[in-house]
Amino acid sequence: MVVSPLPPPSFRDESEEEEEYTGTSHGIIQQQRPTTDYEEFLNEQEESTKKMKNKQTTTSFDYENASDNDDRIQIKPVNDEDNTSVIITFNQKISPFIITLTFVASISGFMFGYDTGYISSALISIGTDLDNKVLSYGDKEIVTAATSLGALISSIFAGTAADVFGRKPCLMFSNVMFIIGAILQISAHKFWQMAAGRLIMGFGVGIGSLISPLFISEIAPKMIRGRLTVINSLWLTGGQLIAYGCGAGLNKVHNGWRILVGLSLIPTVIQFTFFCFLPDTPRYYVMKGNLEMAKKVLRRSYVDTSDEIIEKKVEELAMLNQSIPGKNAGVRVWNTVKELHTNPANFRALIIACGLQAIQQFTGWNSLMYFSGTIFETVGFSNSSAVSIIVSGTNFIFTLIAFFAIDKIGRRYILLIGLPGMTVALAICAIAFHFIGIKFVGNEAVVSHSGFTSWGIVIIVFIIVFAAFYALGIGTVPWQQSELFPQNVRGIGTSYATATNWAGSLVIASTFLTMLQNITPTGTFAFFAGVSFLSTVFCYFCYPELSGLELEEVQSILKDGFNIKASKALAKKRKQQVAKMNHSKDTKFEPTQEVIEEVIED
Ligand SMILES: O[C@H]1[C@H](O)[C@@H](O)[C@H](O)[C@@H](O)[C@H]1O
């Protein structure tokens, strides 16, 4: 099989001939050919991948003649890697351009947090402003759930749209949804206009929640990819906190809820304006075969890196970018879905990504966010906005701690610290609720020992402890989902995971009160504690350490198992290599020849 140095764009021309697609292996160039000898075809592909990699290992960089000023360093595959591992890496200093792109993309995180956060205060201050009557409990549920429903619907399509139209245009489209949704709400005098505005805003939230972390992970230098993606979560939890703060401040203001919704227009307009001048991700350009644009963006991202290395990196990304064939968009999407399910590495990625998002929702955090006021009132604490601010403030502060820990300590460790912590906190709450003796009659809570009791204090303290452990691990790590998937299935894979998140959020928010009524608060919290415990077991056996790995390296880890041990070894190795580079930079500003040789000899 002939392997051309650069692959065709992932989405082929309509004119191309269609052939049945039966899945692919790791590999690089997908050629149109009959699939009767599919096994042979896969073997050939693997062979050519090996040849390409070997060729690149030996020819792409002349170590003998490398000067002391070379900013490049090529890392030989280590024992834990196979020959599909990425081999070109270089000093990936974070530049102002990357910071700008990250901050602009993560405004979507803020919109996610603010738009899901403001509704609880808005519902209190709306009073009789809609249809001149007080909203019923059912009306309130519809207005709250409309955004999650919109997000669920749009997240199903957003991944494919991101591959077809690009990440940036999709984020700009989400801005349009935010603006239309907000205007409909601000001007609403009818309940259904308000609900429609919330639904349309939800379309924006769903798109942003998927694409912003994907965008960031595609532009981020590998050693701080975790951190940069957590910036999105920081904006998210910060958005929730600000929404509760503003909500508390505007509670008594006439039409305060319209101001609250109106404020959401500011960040979205800022994001849209910035994106008019910023590019898409280099990996997206590679996927579309626009290698010149990919180089341009990489050059702006890594200003200290030589053109030669940038060219090689783009070449490598192009080699690893595997196209999905199909004569039209529908067939290609179907083939991508097949590829996601039939390729073992992709399927494992899917289990992890959807599993983590489901755990994030089914351990009950959002029900506590939405109903913390009610819960705290039942244990004798009446200031519900203060409580919401304390709980969401804890969420924000511990997301900040996750920001520092996620690349240094690693994603796996913070999950394995967070989930057991949540289990214990939830179990203690379940016990404490038993001694308080609460019953739910309708939507009203009846407490046998009213007033502030010591068990009430235990509940308050351990709900805050739960919030801290949640934010440290499972609140943040699932949004690293994009790194699990290779380029050709990343869009659809992250769609599945994001849709799992929104479906879980809808289910839990709409069943929480029913659970409290039917299985008592003790039963509800014990249920969440049980889910947290099982989730710890799942993460222990299935979640490999991915910090410090190139996006393209993750597949080699997931190829023949979850490979926890190998992933930990590879992550450690990568960290040591970068530490060596950084160490040499302290003294000479560039890696020295010895450092290069040392790494090569490893
Ligand atoms: O990661 C976020 C964060 O933890 C939020 O606080 C929560 O409301 C979202 O559902 C979740 O996806």
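Position 1 is the first residue of the sequence, and the numbers go up from there. Atoms within a ligand are numbered from 1 in the order they appear, just like the ligands themselves. Side chains included, hydrogens not; waters and symmetry mates left out as well; all remaining heavy atoms used. Model, not experiment: these values are computed from the prediction.
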### Message
Going by side chain to side chain contact (heavy atoms under 4.5 Å, CB included), C246 matches just one of L241, L263, I259. Which one?
### Response
L263

### Query
Can you list the residues that meet the ring pair (Phe, Tyr, Trp, His ring centres under 6.0 Å) rule with F462, with sequence neighbours excluded?
none

#### Entry: F173, CZ atom: more than 12 neighbouring heavy atoms under 6.0 Å
no

#### Entry: More than 12 heavy atoms from other groups under 6.0 Å of CZ on F97
yes

### Query
For ligand 1, what are the residues with a heavy-atom contact below 4.0 Å?
F112, L236, Q240, Q360, Q361, W365, N366, N395, Y470, G475, W479, N501

### Task
Report the residue from T498, T500, T494, N501 that forms a side chain to side chain donor-acceptor pair (under 3.5 Å) with Q481.
T498

### Task
Compute the centroid of each ring, for Y470 and then for F528, and state whether the two points are separated by less than 6.0 Å.
no

